[in-house]
Structure formats: C-alpha cells, structure tokens
There are 2 protein chains.
Amino acid sequence: MEVSLLGIPVIAGYGVIPIREYWDKDVVSLAINAVQNLVKSTGLKDFDAIYVGNMLSKYYEEQASISVHLADELGLEDVYALDVECGDASGAYAVLEAIKDVLSGESKIVLAGGVEKSTDELPHRLYRGISLSEDIFLVDYIGLTNLVNHAIALKMYIRRYNVDKADITYLSVLDHKNASKARHAYFRFPIKLDTALNSPPVADPLTLFDISPNIDGAAFLLITTDDIAKEYNLNYVKVLGYGYSVNRTRFYERFDPTTLTAAKRASQQAFKRAGINTSELDFIEIHDSTTIAGVLALESIGVHGSGTAAKYIRSGVHRLDGELPINTFGGLKARGNPLGATGAYAIAEGVMQILGEAGGNQVKDAKIGLIHSMNGFDLSSIVFILGGD
Amino acid sequence: MEVSLLGIPVIAGYGVIPIREYWDKDVVSLAINAVQNLVKSTGLKDFDAIYVGNMLSKYYEEQASISVHLADELGLEDVYALDVECGDASGAYAVLEAIKDVLSGESKIVLAGGVEKSTDELPHRLYRGISLSEDIFLVDYIGLTNLVNHAIALKMYIRRYNVDKADITYLSVLDHKNASKARHAYFRFPIKLDTALNSPPVADPLTLFDISPNIDGAAFLLITTDDIAKEYNLNYVKVLGYGYSVNRTRFYERFDPTTLTAAKRASQQAFKRAGINTSELDFIEIHDSTTIAGVLALESIGVHGSGTAAKYIRSGVHRLDGELPINTFGGLKARGNPLGATGAYAIAEGVMQILGEAGGNQVKDAKIGLIHSMNGFDLSSIVFILGGD
C-alpha cells in the first residue's frame, strides 16, 4: 500500500446482525440494526458518508436508495449517501468506495457495508434474482443462469483434473463445522459428507448442499484512517492492500472457465500492494457461493495449483485449527449468502479475527487475512488484505 | 476547490445518445452507444474505472451490474466497474464517485455517467418505478407516491405565496422552446402555455405538461485531471466545486416542504468550494422533474428568494438569450428524464456550453455553469459548478 499523506486506510469498527429469515423487517430496518451494533461498539454515530452495497432490493422489495433512508433514520444531514451494486460482491465494493472516499480527502469517517433481504420472495423470483448480474438475455433465451455456469465449471473441473466430487463437496462440511459455533451464521449445525452428497440435485452435478442459501442480513464497517482511529481510541485493522478486476461476462467466451481470472488478477494486485505473498496469510475468507466456486477461488488466488485445492480442503489444512484456515465463520455456504451484504460480512469476519474478537471461531495468532468477494461466477472479483496494527 | 497534489479534477469528454424510445435495444447497448460517441470524440478507449448510474434496470429490465457488462463489451480487463444508485440523480453521483476515484490517486482516467431504459414497461410499472426511491411503505399504504409529494408542494407553494399556477407551468414552455433546437432532446417542439395548462390532470394540481417524461437514454463523461487532459490534448472543463446533501425522506416531516433543503445545502457547499456566488453563473441546469421542482430548485440554490422564482421564469430572464439561461437543452421536462441517466445528461450539457459546442443551444460567453441533480423530491441533491479552463 502506498502511504497516503492522509494516513493509512483502516477499518475501525463493525456491526453485523445474525443472518436469518426476517419476515417482520424491511431492508432499511435490517441495515439500521447492523449500524446500531456498530454505533454501540464504536461510540461513533456521525458519519461523513454512507455507502450501502445491495444487489436486489429494487427487484425483491421495490425499495431504492437504501443509503438515503438509512441516513434519515440515523438523523444525519450533511452526509453523502449512495447505494452501490456489483452483484453479491456489492458489500465489499461499498467498502472500497469508502476507502477511496477517505483517500481522496473528501470524507474522514465513513460507514460502508451491505444489506439484503430476500426471503419474502417466492422461489422463482428468489432464484431468478441471483442471475440478474448475468447477461439476462443469456439467462432467458439459453437458460444460462448463474447456477448453470457453476454446474458447467464443476463438470469441466472434475473431468479435467480427475477429481472426486466428494472432495469438492467437502468444503460444505468444513463450512458447516465452522458455522456451528458462529452466532451470526445461518446454518449453525455440522453436516455429514454423505448428507451433502445425497442432497437433492439442483443443476447437475451441483446438489443442494453445494449451494449457499439466499438469505437476509446486514453488515457494516467503519472506514477511516489510522490517525483518526487513534484519536477516537478505536481498535482497528489496516487495509494492507486491495485489488479488483473483471472477467468475460459470457462464461463460454472465457479462455479457461475453471480459472477465476478476475479473482486471480485482483489477488495479484492486492498482494503486490500489501508487499506480501500467500505464505504470510493467517486465514482466508473465500466467496464460495457454490463449493466449486470456493475451490476455484483458492486456486485462482494462488494458494494451490490448478486441480489441487479440493484435495487440500479435504486433508484438513484449511480447518479452523489447520495451517491456513478458510471461511472461519462458515463462508457463504453455512454462514449464509445475503447477496449484497455477503462481502461486508466476510470483511467484518476478517476484522474480528485480527482483533481477536472471533470467540469460538478465533484463529490462533491471526495477524494477516485475505478476503475475497465476487460478483456471480467471477463476473468481477475484489480482494482485500487486512492486517493488525 | 482545494488544489490536490494530483491535479484539478476535470471533465475531458462526453458522449450522449438522443433521448428516445429504444424498443430495439437493451440497457447495456444504450450505454455502449453513448460510450462509443465519447470514444469517437476523445480518441480514448481505455479506462481505469467505470461508474454507471442507473435507477431501475433491475426493476424494469431485470439486468444488474451494467458496468461489468459495459467493461466486457469495451474489451477492458483490469478495470474497476461499479453501478451506483441515487434515484434520478444516479448519473450525477456516478460522476462524483469518479472524481473521488481520481482524487484518491487510485484511477487516472475514469468513465462515469448514467443509463436508463424505461419504455418497455407498462404504465403501472413505469410510474411505480419513479416512486422506488421513496419509502415504499408510504407509497403502498398511504399512496404517498413521488408525484403526490410534488403535487402537495405545488399546492402549498401556490397558497403560501399567492402565485398563479400559470407562472409555474411556464417553465414547461421555456423548456420546450429550448429543446426544440436540441438534437438529443426528446420533445423537440415548442408548446403553448394554454396547452400545458389544459393538459390532463395527473396529481392535482399537476397536469401532464408539468411532469417530465420517463424515457430511454445514456450519457457518459470522461473524468481525469487537468494534467492528464493536457497530455492527451483533450479540451476540458474544470470541476470548480461540488456539494451534496440529504433531506428528510418523509415529505411530511420536513420543516418546510417548499424548500429543497438538500439542494440548498449542496449548492452552498459547491459555491463555497468554487469560491464564487450566484452572480457569477452564466447558466444553470436544474432538476425540473416537475415544474414545481424546478421552481423550488432555483429558489433553494439561492438564485431567487422564496416564492419569486416562477415570476422570474415567466419574465424571460432565464431564456437562452436572457440574463441567466436555465435548462439550456430543455431540462427534464423537454430534453427528457431518463432517470439514472438524467444527471449525466445535465453535466454533459454543461460541458457542451462551456466548451462552446452547444450548437443552436449555445449560451453566449458561457464560462461558469451550475448543474443540479436530485433524487426524487430532494431525498438527496448534488450540485456541480463547472468552469472553463
């Protein structure tokens, strides 16, 4: 990270709500509840800007401009309020907008995160929703939905690298194990590999337990500089590096559909800025919207060679007590995937680890973590590397 | 404007498409067409970041992540792509995000603008769309739609200041006159005041000709610094100042519903940053989503005192050949209101004026212009002050 005259960007607070079905609350209320938790723990309630990542509120709830309503509910006046969308990476992109806002000198203390409310929807709209980042003409005319892309990639991967699907699906078992101890996770119970493998087919060869649940949630971060965080006596983690990129949107036009090219470029940028390499990471949060996506993410980030990640996951090196823990609160599969909020949860989880506030999910001596968030099947990816002070 | 070490933010190019009904094109295609015009005139086709302002693509077209698809169509790889939403001010907010991206040192050349495609929709969804920035519970349970807020404000204004409605509706006549010469405008014909006054009622006392049309369009700007613009031999206008604010979202909770408080604060900030006052403006583009919104905007910006703007508009001072021209290409009423693209059109029009490229709509000696864009009925407002080099 280049040193800015304005200080180093830091994350100096977080607020999350348990990921659940909230039938009694609208999308703005969920955001407020997460921010209330942030306000409670930081003592700060005035913000220069609010960035809200959201994917589908206009489609599901028919509510736009969540950030403006949030500003109103918080009683703020001279505030900058903006909604941002980059599929199920929206929450993570909101955080990068906040960092740039601080680095530009425009804002000093920024609230950024994500919120999503899906569970009021009937299944046909719920599942169509997750395909809205894809080229909607391909979805409608060819049936190339988001999950179909994942399924094709899974087939290709199994065939190319001669991998047993059980090794890939095992990521779901690991996620559930980690989530079982996490208060804010949705699926707080372990599962058996057989259960996952024998779960109902969704898009062959993906079965239900290969797929993360669309669910409700909200997570917010407080972005500022190290100087200001010290001034307010806030614990913080440093943003050591970040990166982002896009991939070809049409899955079949990609040079190698089993490489997440955007994730690869994004992580390379992030490592370069942070001046570190994979061996220095203490934990990783990957975007496993499906088990195959998680496996490919680990390879694209450079942690494992092509075709090998699944076997490493099964071997145990990525367990909470392993060499390099991943998805420490259960990842998208078990913590839950509240779309536009997902990336913000992953960042909040990274902050909890580094601040030693991860409770039963604490990774021992967690000092440096990588957070990966992606839009659909790597339409775009964003990577943060966070580190302790 | 504080001088940044990275240079002064400038707008060094624009691309717009005529505002029309595009039944044969999707939302991404419209964006591409506007960007192609920008590429043609600037010669630049590589961008570090793309910000797309859009309000309702997820609701109308069921297409998310427009910026990512645009990046793909442009063949870009290591690009930052993000959609932003702040109602019908989205396009203007995209431009401010681009400015902050440049000021943060993260990006050098940024594409920012807006796109909207509405006309495939049936009227009930078309009109519901423009209320999605409002609190959707108030819309559904009380019927407090966006246009109802405008109608109540119009009633209050007429009663409080004893103004003839004809004076307010005259803004529509002025807009249509300006639009009649503008190639990219939608309503390219003049209208008579009587026609406007006798048009069908929509939300009493608003009649059809008090209201801007929801329509299709796309407009993009090239944001960079003065140094880089010079390096590429691009003509540019300087961003002398900007400001933004929010208002209470519930219309009935506002201290004075006939003052656009967000617009007022936003313009005060912008004037302060630019170090100028209203007397130095050569033209203004206001967000007249309805005639009353336009009238109130002129007052809130500080051009006229409360209750007086309508009479000034009728007097002729704001005509293209008047003392202080407004809505030089027809404003939202006659140029058209393609929601998420509207703010980007207004900024592009400001750039055309200052660069002397406004053709039959050219304001004589246009050196400094103010651009106002707002989300709904001043849920939030953003103001730019642009100036010649």
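If you're wondering where the values come from, they're calculated on a predicted model, not measured in any experiment. So you know, we letter chains A, B, ... as the sequences are listed, proteins then strands, and number each from 1.
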Determine the sole option in B:V28, B:L70, B:D72 for which the side-chain contact (heavy atoms from CB on, under 4.5 Å) test with A:T249 is passed.
->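 The option that passes is B:D72.
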So which of B:I382, B:D135, B:T261, B:N247 has the biggest tally of heavy-atom pairs under 4.5 Å with chain A?
-> B:D135
Sort out for me which of B:I66, B:L379, B:V84, B:L76 touches chain A most, counting heavy-atom pairs under 4.5 Å.
->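 Result: the option with the highest number of such pairs is B:V84.
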salt_bridge(B:E73, A:R250) N-O dist < 4.0 Å |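 Salt bridge present between B:E73 and A:R250.
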Of the backbone (N, CA, C, O) and the side chain (C-beta and beyond), which part of A:Y60 lies under 4.5 Å from a heavy atom of chain B, both, or neither?
-> neither
Which atoms of A:N375 come close to chain B, meaning under 4.5 Å heavy atom to heavy atom: side chain ones, backbone ones, both, or neither?
->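 When you check distances to chain B, only side chain atoms of A:N375 fall under 4.5 Å.
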If you count the non-hydrogen atoms of other residues, nucleotides and ligands that lie under 6.0 Å from OH in B:Y127, is the total more than 12?
->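 12 or below, so no.
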Is it true that the side chains of B:E77 and A:S245 contain a donor and an acceptor less than 3.5 Å apart?
-> no
Will you find, in the side chains of B:D78 and A:Q269, an N or O donor that is under 3.5 Å from an N or O acceptor?
-> yes
Hey, is the main chain of [Y] close enough, under 3.5 Å, to the side chain of [X] for a donor-acceptor pair?
| X | Y | result |
| --- | --- | --- |
| B:K58 | A:M55 | yes |
| B:Q63 | A:I136 | yes |
| B:E85 | A:S65 | yes |
| A:E106 | B:S104 | no |

Taking the six-membered ring of B:Y80, is NZ or CZ of A:K100 closer than 6.0 Å to its centre and within 45° of its axis?
->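 Judged by the rule (NZ or CZ under 6.0 Å from the ring centre, within 45° of its axis), A:K100 counts as positioned above B:Y80.
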Interatomic spacing from [atom1] in [X] to [atom2] in [Y] - rounded to 0.5 Å:
| X | Y | atom1 | atom2 | result |
| --- | --- | --- | --- | --- |
| B:S133 | A:H69 | OG | NE2 | 6.5 Å |
| B:Y93 | A:S67 | OH | OG | 8.5 Å |
| A:L82 | B:S380 | CG | OG | 8.5 Å |

Answer with side chain, backbone, both or neither: which region of B:D140 has an atom nearer than 4.5 Å to a non-hydrogen atom of chain A?
->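 Neither part.
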Could you give me the CA-CA distance, side-chain angles and deciding distance for B:D83 and A:C86, then say whether side-chain contact (heavy atoms from CB on, under 4.5 Å) is met?
-> CA-CA 6 Å; B:D83 285 24; A:C86 197; over 6 Å; no
Most chain B-contacting option - heavy-atom pairs closer than 4.5 Å, from A:L96, A:L56, A:V139, A:V52 | A:L96
Among A:L132, A:V246, A:V79, A:N54, who wins on heavy-atom pairs under 4.5 Å with chain B?
-> A:L132
